[in-house]
There are 4 protein chains.
Amino acid sequence: MYIHNSPLAVRYAETDAMGVVHHASYVVWLEVARTEWLAAQGYRYADVEKEGFFFVVTEVNCRYLRPVRYGDDIVIRSHVAEMRSRVLQFAYEVVNSATNEVHMTATTRHICVDRNSRVTKMPEYLLKLYQAMQTE
Amino acid sequence: MYIHNSPLAVRYAETDAMGVVHHASYVVWLEVARTEWLAAQGYRYADVEKEGFFFVVTEVNCRYLRPVRYGDDIVIRSHVAEMRSRVLQFAYEVVNSATNEVHMTATTRHICVDRNSRVTKMPEYLLKLYQAMQTE
Amino acid sequence: MYIHNSPLAVRYAETDAMGVVHHASYVVWLEVARTEWLAAQGYRYADVEKEGFFFVVTEVNCRYLRPVRYGDDIVIRSHVAEMRSRVLQFAYEVVNSATNEVHMTATTRHICVDRNSRVTKMPEYLLKLYQAMQTE
Amino acid sequence: MYIHNSPLAVRYAETDAMGVVHHASYVVWLEVARTEWLAAQGYRYADVEKEGFFFVVTEVNCRYLRPVRYGDDIVIRSHVAEMRSRVLQFAYEVVNSATNEVHMTATTRHICVDRNSRVTKMPEYLLKLYQAMQTE
């Protein structure tokens, strides 16, 4: 199973008055992580959209274990947990790269739609990519 | 069971290039909704914090059913699904107030901590409030 | 000169680790304020866009005088400082409604473009509205 | 004059329903750029804060020249335009690294305060750094 590591610097704007990263900021980080997962496979999500495929988020599930603070060095570990012709699931761990502690885990689900928001089969190259990962 | 209705105007900044509300924006809306739930009971969350109680988010679970667009009139229906001495769970529905369609559902979990981030019993008035709601 | 008052509750997500509202959050508030200015005149910005007029932001200038904290009750006072056929300028004051102190001032400039991003004359009803305000 | 180049990938969450980056998102980018300017000199802003120095934003001035779109490769060019004992000004250009076109320019001003929010002289090493840059 391929796990992509996305290093990430906490932005001050992502913190809140409790002195830690606000829980909604992580949801944006997950998006960054899956975009980088895809880029690491050689595909830019902006190009996937230009081809007429859009991955709509249908579920987000987050578990917050330990707060992340401004100045912490973070890595997001992401992998594809499931891929079927129209559906995709990612799983993530937000890890402190100094301590190796897991601060947050999450999963997201996505369906593939076309320009008219109709559910559609995702690009063949993504399905093949996932199959290749499974048999490695 | 008391359900609070929070009317909400979509902010342009909350939309994304797909022309709809970005999935992370809803997570901020849930926070607005539970703050308004509390305010409707006569408590300001800013005051609860001044007393030394902080409700840390430990879980966020979102199901996105239909996109919300800029200009849609939204109501967030929120209620307390569970309250024990140290733990709290909210449940939410994001509803289009013109069509009455549910666009998104969510739950969030929280633990109560003190100024030193130690898990603590939440204020008595909140526990009593919930008990009173249960027996109504 | 018509000044619109937009009451606003600080969202926790808008604060940062310094314990105050993050400076970028105010920029979103300005957008809320001018949308409400327009709504108070009887126009919804979502409808203006549907007619094919888009007000692109070309300038934002912010002066931060005093921090705003979570729990502060805020009013944003906004007015149109200039309106010509293609250009619009708003001016704003972020005021603490309990103390009446001004916490922040700002101006924003906008040009009107059509669906193809070409600069265009803004809707006649907006120009007339402004002229009427000038002669009041 | 030292100019720092911060490459930046547009986040989907930073776009809006006009299909371009929302104007408030750039304000967060400027913060990222000045943090990276500082890091390139060998200082982490998180450490500066731990020493008891906080750079409060007092002004933000933005000029938006051309929209940035999701998928655009961006570089933010930042430099210190002024530094006196208590005051600091940064200037920025948001540049498309493929076309070299400037999409946005900005300046921000900051004052240095201590833990009690009192205006204070900034760390000596920053003043020396700036003086060294001036004489290069």
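Residue numbering restarts at 1 for every chain, and letters A, B, ... go by the order of the sequence lines. Computed over heavy atoms, backbone and side chain alike; hydrogens, waters and symmetry mates excluded.
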Indicate every side-chain donor-acceptor pair of residues 116-129 of chain D with a distance under 3.5 Å to a residue at least two apart or in another chain.
{"unit_1": "Tyr125(D)", "atom_1": "OH", "unit_2": "Glu51(D)", "atom_2": "OE1", "d": "2.8"}
{"unit_1": "Tyr125(D)", "atom_1": "OH", "unit_2": "Glu51(D)", "atom_2": "OE2", "d": "3.4"}

Review point. Side chain, backbone, both or neither: which part of Met18(D) has a non-hydrogen atom closer than 4.5 Å to chain C?
Key: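 Only the side chain of Met18(D) comes within 4.5 Å of chain C.
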Check your understanding: Between the side chains of Arg34(C) and Tyr45(C), does any donor sit under 3.5 Å from an acceptor?
Key ->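 Side-chain D/A pair, Arg34(C) to Tyr45(C): absent.
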Check your understanding: Is the Tyr26(D) to Tyr64(D) ring centre distance short of 6.0 Å?
Key -> yes
Among the options [options], pick out the one with the most heavy-atom pairs lying under 4.5 Å from chain C.
{"options": "Met104(D), His22(D), Arg109(D)", "value": "His22(D)"}
{"options": "Thr58(D), Thr108(D), Leu65(D)", "value": "Thr58(D)"}
{"options": "Thr107(D), Val60(D), Val27(D)", "value": "Val60(D)"}

Check your understanding: For Trp29(D), which residues count as a side chain to side chain donor-acceptor pair (under 3.5 Å) partner, sequence neighbours excluded?
Key -> Glu14(D)
Practice item. Please tell me if the side chains of Asn96(C) and Val68(C) come closer than 4.5 Å, counting only heavy atoms from C-beta onward. Key: no
Review point. Val56(C) versus chain D, heavy atoms under 4.5 Å apart: side chain, backbone, both or neither?
Key: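 The side chain, not the backbone.
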